[in-house]
Amino acid sequence: MRNLIFILGDQLSLNISSLQEFDKKLDAILMAEVWDETKYAPHHQKKIVFILSAMRQFKNYLQENGYKVFYTKLDDEDNRGSFDGELLKLNQQFKPKKIILTEPSEYRVLKLFNDFQEKNKVTLEIRNDDRFICSHHEFANFVKDKKTLLLENFYHQIRKKTKILMQESPKNSRKKTTSEPELKPVGGKWNYDKDNRQTMPADINPPKILKLKNSPITLEVIKMVKKNFPNNFGEIDDFNLATTHHEANLHFEDFLQNRLKNFGIYQDAMREDVDFGFHSLISMYINIGLLDALTCAKKVEEEYLKGSCELACAEGFIRQIIGWREYIRGIYWHFMPKYRELNYFNHQRKLPDFYWDENKTKMNCLKTVVRQTRLNGYSHHIQRLMITGNFALLAEINPDEIDAWYLGVYVDAFEWVEMPNTRGMAIYADGGIVASKPYCSSGNYINKMSNFCKNCHFDVKKTTNENSLVKNACPFNYLYWNFLIKNEKLLKNNGRLFYPYANLKRKSEQEISAIKKSAQKFFNDIKI
Ligand code: FAD
Ligand code: DLZ
Ligand code: SF4
């Protein structure tokens, strides 16, 4: 053997950098299902099935195309249980000249391979993951000399680099020059977010998600997961995720044909009876290599050019993929490993039990999102941000507990994307690296963007339980004010919180005391 290429479970693509210059006569691939990876987070059952089934099918595809692949199954007798254990086994057996790897997406796994290299004195070539548009170096340049790392500025840079939704400025096209023409955003504006925030009326019914037949491999993995992970969170019998490139493309086409048109306007909307809305449901496919991010963004641009969706809709979608996704990844690698220690508000409470069992809460918004998460391993961005995330922030939950939950329960969760979204965007534990203010809100926002409050035990119009016979004030209300009161020193100078603090100033001492008492009683009652 000349080179041994280690392909990880989220690198399932022929275009992965580690496979470039692969020689089918001389080189071999290692893929390994290992216990350590199934246990480092409390994975949803669907997530384990998804990754292991996709790995097994990618292995078959490689073999059918003449690649030599060594593959370890989770229940193989001689499975050493870890990436380094499996690599050492093959390294000792075949003594390859070089071990090649595309940079793991997570810090913990990169460290594992670096430690392996040092301990075993082997040559490990770690290549850039060029599935991302922005390299670590480019991101470091973006960060340089900046006080705030606004997504918007980063996004403009990536729009210019990819030339997506860009056109030559009219000034430029008149006088032909040899230098690169100046590009302007199509439609004259970079960002159409303001057009994208409608609620979803009851008579709008999002189309059903494409249903494909599960392959025999997926069925076999479902059986194995049921046997080995019976107590993991989540439902598994209705598994309906793509596990090959072909299937993932069919799912993406289904989105383009049937949901894209309405994606933009209903992007932030939440409804008790709607699990997926008009979202694309492709994050998990992009994250493990079944779809390519840039290709997806370009396809949506094509749809706009064909006239099948509005500019605001296409731009909104493209911004998520080439803007947010790249930005979040940049933040992760730039600020790790310190990032995982950040706890700006020093929150220390434990995660309430109802994050694992929706029947343990009467808050209909949380009940609904936890139920959808348990059933699907999915909830959309605003649900993650403004329901489970917002509550975790206001309830002063320790960021490690929140991270562990998000890293486990979503099929698309890998630390590089989960952590900056959770610790940064949702709970502001990074003190403002990702978000310019905490995304905290009272029940008012939830009531505006969903129908959750209509069927709730709690009253969204009530702020506190003090001096009231019926103690059913919406917990989001008093927890919101309690959060602002407690963190006044840290937050009052944030210009974006000027109005909330101005409103707080208008509250009487009695009101403030009632807020604090209601919050304390709530924490005592749910034992956190
Ligand atoms: P759509 O709404 O259809 O958006 C299209 C695509 O844009 C997504 O598929 C995704 O690739 C990308 N995208 C959108 N927003 C983001 C974002 N903020 N960061 C990165 N990519 C984005 N996304 C993950 O992939 N894995 C996670 O573990 C994850 N954890 C999150 C935790 C919290 C607290 C929050 C607030 C967001 C998290 N996100 C995560 C981002 C986002 O919620 C999901 O990418 C999105 O909900 C996936 O659903 P979709 O494919 O239907 O996305
Ligand atoms: C999430 C996951 C799981 C559950 N199992 C495996 C596995 O057995 N083998 C594997 O290669 N990858 C798995 N993964 C995905 C890895 O955790 C992911 O590739 C790394 O976290 C990337 O840094
Ligand atoms: Fe959630 Fe409060 Fe609305 Fe109930 S009333 S659904 S707890 S926001």
Side-chain angles (χ1 to χ4, degrees), residues 6-11 31-41 43 47-48 50-52 55 72 74 83 103-110 112 255 259 263 267 276-288 291 293 296-297 316-329 361-368 378-389 391-392 402 406-407 410-427 439 441-447 450 452-462 472-477:
F6 200 155
I7 296 188
L8 301 173
D10 62 353
Q11 301 180 339
M31 294 175 74
E33 297 174 10
V34 294
W35 293 101
D36 278 4
E37 291 307 298
T38 62
K39 289 182 180 155
Y40 76 90
H43 298 301
K47 182 177 176 190
I48 306 179
F50 170 61
I51 291 170
L52 300 193
M55 284 177 67
T72 312
L74 202 59
F83 284 146
E103 181 184 75
S105 66
E106 298 184 327
Y107 187 88
R108 128 196 107 78
V109 183
L110 177 63
L112 179 146
F255 164 70
R259 302 194 298 279
F263 168 83
Q267 201 181 340
F276 305 110
F278 294 92
H279 287 267
S280 66
L281 318 183
I282 58 167
S283 48
M284 53 283 198
Y285 307 135
I286 300 182
N287 292 351
I288 74 164
L291 289 176
C296 291
F317 184 85
I318 286 165
R319 178 163 17 92
Q320 308 306 323
I321 302 251
I322 68 169
W324 277 110
R325 189 171 184 275
E326 294 287 328
Y327 172 81
I328 285 290
R329 192 241 185 184
T361 180
K362 288 180 179 163
M363 286 183 276
N364 197 32
C365 48
L366 279 153
K367 193 191 254 316
T368 305
Y378 177 87
S379 61
H380 72 62
H381 187 71
I382 291 301
Q383 293 171 319
R384 298 186 204 198
L385 185 66
M386 299 310 294
I387 307 294
T388 40
F391 180 83
I402 308 171
Y406 277 100
L407 191 56
Y410 292 112
V411 175
D412 61 19
F414 296 88
E415 193 184 78
W416 68 267
V417 55
E418 172 278 321
M419 191 177 278
N421 269 304
T422 301
R423 211 169 264 253
M425 198 186 304
I427 60 167
Y439 276 93
S441 89
S442 66
N444 201 16
Y445 171 86
I446 297 170
N447 193 28
S450 76
F452 297 152
C453 305
K454 280 195 189 122
N455 291 327
C456 187
H457 164 84
F458 296 101
D459 183 349
V460 72
K461 301 281 177 226
K462 264 173 77 177
N472 66 344
C474 165
F476 275 89
N477 290 344

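One-based numbering, in listed order, for ligands and for the atoms of each.
- Each of the following atoms of ligand 1 lies closer than 4.0 Å to a heavy atom of Ile282: 9 (O), 51 (O).
- With respect to atom 48 (C) of ligand 1, the closest heavy atom belonging to the protein is Ser283 OG, 3.1 Å.
- Of the protein's non-hydrogen atoms, the one nearest atom 28 (O) of ligand 1 is Ala413 CA, 3.1 Å.
- Contact between Tyr40 and ligand 2 is present, with at least one heavy atom of the residue lying under 4.0 Å from the ligand.
- Here the protein heavy atom with the shortest distance to atom 3 (O) of ligand 1 is Ser280 OG, 2.7 Å.
- Under the salt bridge (Lys or Arg N to Asp or Glu O under 4.0 Å) criterion, Glu37 pairs with Arg108, not counting sequence neighbours.
- If you take CE on Met386 and CZ on Phe391, they are separated by 14.0 Å, rounding to the nearest 0.5 Å.
- Contact annotation for Asp10 and ligand 2: heavy atoms of both the backbone and the side chain come within less than 4.0 Å of the ligand.
- In this structure, the protein non-hydrogen atom closest to atom 47 (O) of ligand 1 is His381 N, 3.4 Å.
- Below 4.0 Å from some heavy atom of Glu33 lie the following atoms of ligand 2, by number and element: 7 (C), 8 (O), 9 (N).
- In terms of protein heavy-atom proximity, atom 8 (O) of ligand 2 is closest to Val34 N, 2.9 Å.
- Across the listed options Glu37, Glu106, Lys39, Glu37 owns the non-hydrogen atom lying nearest to atom 16 (C) of ligand 2.
- Around atom 3 (Fe) of ligand 3, the protein atoms of type N, O or S found under 2.8 Å away are Cys453 SG, listed by chain and number.
- For atom 11 (O) of ligand 2, the nearest protein heavy atom (residue, atom name, distance) is Gly9 N, 2.9 Å.
- Contact annotation: the side chain of Asn447 never approaches that of Phe476 to less than 4.5 Å [non-hydrogen atoms, C-beta and beyond].
- Rounded to the nearest 0.5 angstrom, Met363 CE and Ile446 CD1 are separated by 9.5 Å.
- Looking at heavy atoms from C-beta onward, Asn472 lies in side-chain contact with Asp459 at the 4.5 angstrom threshold.
- The distance from ligand 2 to the heavy atoms of Ala32 drops below 4.0 Å at these ligand atoms: 7 (C), 8 (O), 9 (N), 10 (C), 11 (O).
- The closest approach between Glu415 and ligand 2 stays at or above 4.0 Å for every heavy atom of the residue.
- For Phe276, the ring pair (Phe, Tyr, Trp, His ring centres under 6.0 Å) partners two or more places apart in sequence, or in a different chain, are Tyr378.
- Looking from atom 6 (C) of ligand 1 to the surrounding protein, the closest heavy atom is Ile321 CD1, 3.6 Å.
- Ligand 1 places these atoms under 4.0 Å from at least one heavy atom of Ile328: 19 (N).
- The proximity of Tyr378 to ligand 1, defined as any non-hydrogen pair under 4.0 Å, is limited to the side chain.
- The nearest heavy-atom contact from the protein to atom 2 (C) of ligand 2 is Ile51 CD1, 3.9 Å.
- The shortest N or O to N or O distance between Leu74 and ligand 2 is not below 3.5 Å.
- Atoms of ligand 1 lying under 4.0 Å from at least one heavy atom of Leu385, given by number and element, are 36 (C).
- Atoms of ligand 1 found under 4.0 Å from any heavy atom of Phe263 (numbered from 1 in listed order, with element): 1 (P), 2 (O), 3 (O).
- Looking only at protein heavy atoms, the nearest one to atom 11 (O) of ligand 1 is Arg325 CD, 3.6 Å.
- Proximity of Phe83 to ligand 2 is established by a heavy-atom distance of less than 4.0 Å.
- With Asn421 as the partner, the side-chain contact (heavy atoms from CB on, under 4.5 Å) test is satisfied by one option alone out of Arg384, Arg325, His381: His381.
- Of the candidates Glu418, Gln320, Arg259, Glu326, it is Gln320 that places a heavy atom closest to atom 13 (N) of ligand 1.
- A salt bridge does not link Lys47 to Glu418: none of the charged side-chain nitrogens sits closer than 4.0 Å to a carboxylate oxygen.
- Atom CE in Met425 sits 8.0 Å away from atom OH in Tyr327 (nearest 0.5 Å).
- Atom 15 (C) of ligand 2 has Phe414 CE2, 4.0 Å as its closest protein atom, hydrogens excluded (heavy atom only).
- Heavy atoms of Thr388 found under 4.0 angstrom from ligand 1: none, in either backbone or side chain.
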List the steps, then state whether side-chain contact (heavy atoms from CB on, under 4.5 Å) holds for Val460 with Asn444. CA-CA 7 Å; Val460 72; Asn444 201 16; 5.8 Å; no
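- Under 4.0 angstrom from ligand 1, the non-hydrogen atoms of Phe317 all belong to its side chain.
- Shown here are the ring pair (Phe, Tyr, Trp, His ring centres under 6.0 Å) partners of Tyr439, two or more places apart in sequence or in another chain: there are none.
- Close contacts between ligand 2 and Leu8 involve ligand atoms 11 (O), 19 (O) [criterion: under 4.0 Å to a heavy atom].
- Of all protein heavy atoms, the one lying nearest to atom 29 (C) of ligand 1 is Arg384 NH1, 3.3 Å.
- Residue-level proximity to ligand 2 for Leu110 is absent, since no heavy atom of it falls below 4.0 angstrom.
- Nearest heavy atom pair, residue Ile321 against residue Ile286, reads CD1-CD1, 3.7 Å.
- Residue-ligand proximity: Arg108 is placed with a non-hydrogen atom under 4.0 Å from ligand 2.
- Nearest to atom 38 (C) of ligand 1 by heavy-atom distance, out of Thr422, Asn421, Ile318, Asp412, is Asn421.
- Residue contacts with ligand 2, taken as heavy atom pairs separated by less than 4.0 Å, involve Met55 solely via side-chain atoms from C-beta onward.
- Of all protein heavy atoms, the one lying nearest to atom 23 (N) of ligand 1 is Val417 CG2, 3.6 Å.
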